[in-house]
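Reminder, nothing fancy here: chain letters follow the sequence lines and each chain counts from 1.
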Number of protein chains: 2
Amino acid sequence: MKEDDALQAALRLAVDPPGGVSIGALRELARDDDATDWDIATTAAHLGVNPHTLRYYERIGLVRVARDAAGHRRYDAPAVRRLVFLIRMRTSGMPISDLRQYVDLVDAGQDTVSERLDMLLEHRDTLRSQVAHLQLALAATEYKIATYQEAPRP
Amino acid sequence: MKEDDALQAALRLAVDPPGGVSIGALRELARDDDATDWDIATTAAHLGVNPHTLRYYERIGLVRVARDAAGHRRYDAPAVRRLVFLIRMRTSGMPISDLRQYVDLVDAGQDTVSERLDMLLEHRDTLRSQVAHLQLALAATEYKIATYQEAPRP
DNA sequence: GCTTGTGTTTGAGCGCACTCACACCTCTAC
DNA sequence: GTAGAGGTGTGAGTGCGCTCAAACACAAGC
């Protein structure tokens, strides 16, 4: 029981991150601005990815992107929102094949909602065990750091 | 001082993962049994990796492993402990090149302790921001799950 | 009008971390 | 003594997710 409290405390502390994701960018993205209309370089910069990656994602069918008169990509708010979601899933470990499957389900309409939900539930479980694994590694690393710091030669 | 107690507690508790690594195996590994003397298949099974991976790690110089009369690898407790450390670092995102560097420092003796410490500190920061990132993704996923679950068509 | 900058498509290339194929070896059990 | 399971070293192959190269198009500024 007090074991449990200590765990909670340890986890809460381990979670508190100096140097995480750019909050400003997230806020700006969440603003859901209907005036959003970015070129590929701007979009890539805001999302923190390579422009090549955005073209690649379009090429493999993860997003459809509008073009201007010159044939250049224009990213509006819905496109950016989808990309934010996709990139978040990707960078948290979901493979591209699953993302393909997911967007195919979305495109297939409302009757695929339960399948999508299943995918999300599964990804949630994956995320949870990833977090647990990383926290174990973090604790082990901190332990080793402590042994190095307290005794010059352990 | 209470830092230290918390660390001990965190370590002990963080080792207890819901849906994570095999506890039995960890306990067995932690037993630091001087009688440990496994063949490659047993070792791989306990560590949850492919035997090929263990040969690969040896090939690239991450570990040195003793042989029996037939030339077959025998993994004793120190070898297993090093592998546990290496695999933990790897599966928490440290690239092989960094592991190479780290073991080279270890092999170079005591005067490299501060460099090793720096590497560990850096990896700790990486781990912390990884955890933060995953928790953000987890929150986003749970939010989406909630929207799917509470309203049939959001 | 020509350079510079930014974009386009498509196919090819890359880096990482394994993972496998192959040819050979060495026990054990029958 | 021979089959079969499990090992060995080494070079090659694989899968993933980008990332780049090449050849071309347009638009603005000097």
Q: Whole angstrom is fine here: how far is it from CE in A:M94 over to P in D:dC16?
A: 15 Å
**Q.** Test item: side-chain donor near acceptor, A:H133 and B:T91, under 3.5 Å
**A.** yes
Q.
Assess whether a salt bridge exists between B:E58 and B:R67, defined as any Lys/Arg side-chain N lying under 4.0 Å from an Asp/Glu carboxylate O.
A. yes
Q. Using a cut-off of 4.0 Å between protein heavy atoms and nucleotide atoms, how would you tag nucleotides 19-29 of chain D 5' to 3' with B, S and -?
A. BB---------
Q: Rounded to the nearest angstrom, tell me the gap between atom CD1 in B:I60 and atom C1' in D:dG11.
A: 16 Å
Q: Would you please confirm or rule out a distance under 4.0 Å between OP1 or OP2 of D:dG6 and any side-chain N or O of B:R73?
A: no
Q: Check whether the ring centres of B:Y148 and B:Y143 lie less than 6.0 Å apart, and answer yes or no.
A: no
Q | Short side-chain N/O contact to D:dG9 OP1/OP2 from B:R55, under 4.0 Å | A | no
Q. For A:A137, does its backbone N or O pair with a side-chain atom of A:T141 as donor and acceptor, under 3.5 Å?
A. yes
Q: Spell out, as yes or no, whether a donor-acceptor pair under 3.5 Å connects the side chain of A:R90 to the backbone of A:M94.
A: yes
Q) Where does the chain A footprint on DNA chain C start and end, counting 5' to 3' with a 4.0 Å heavy-atom cut-off? A) C:dG7 to C:dG11
Q. A:E58 has an atom CD; how far is it from atom P of D:dC18, in whole Å?
A. 16 Å
Q) How would you label the contact of A:P51 with the nucleic acid (heavy atoms, under 4.0 Å): base, sugar-phosphate, or nothing? A) nothing
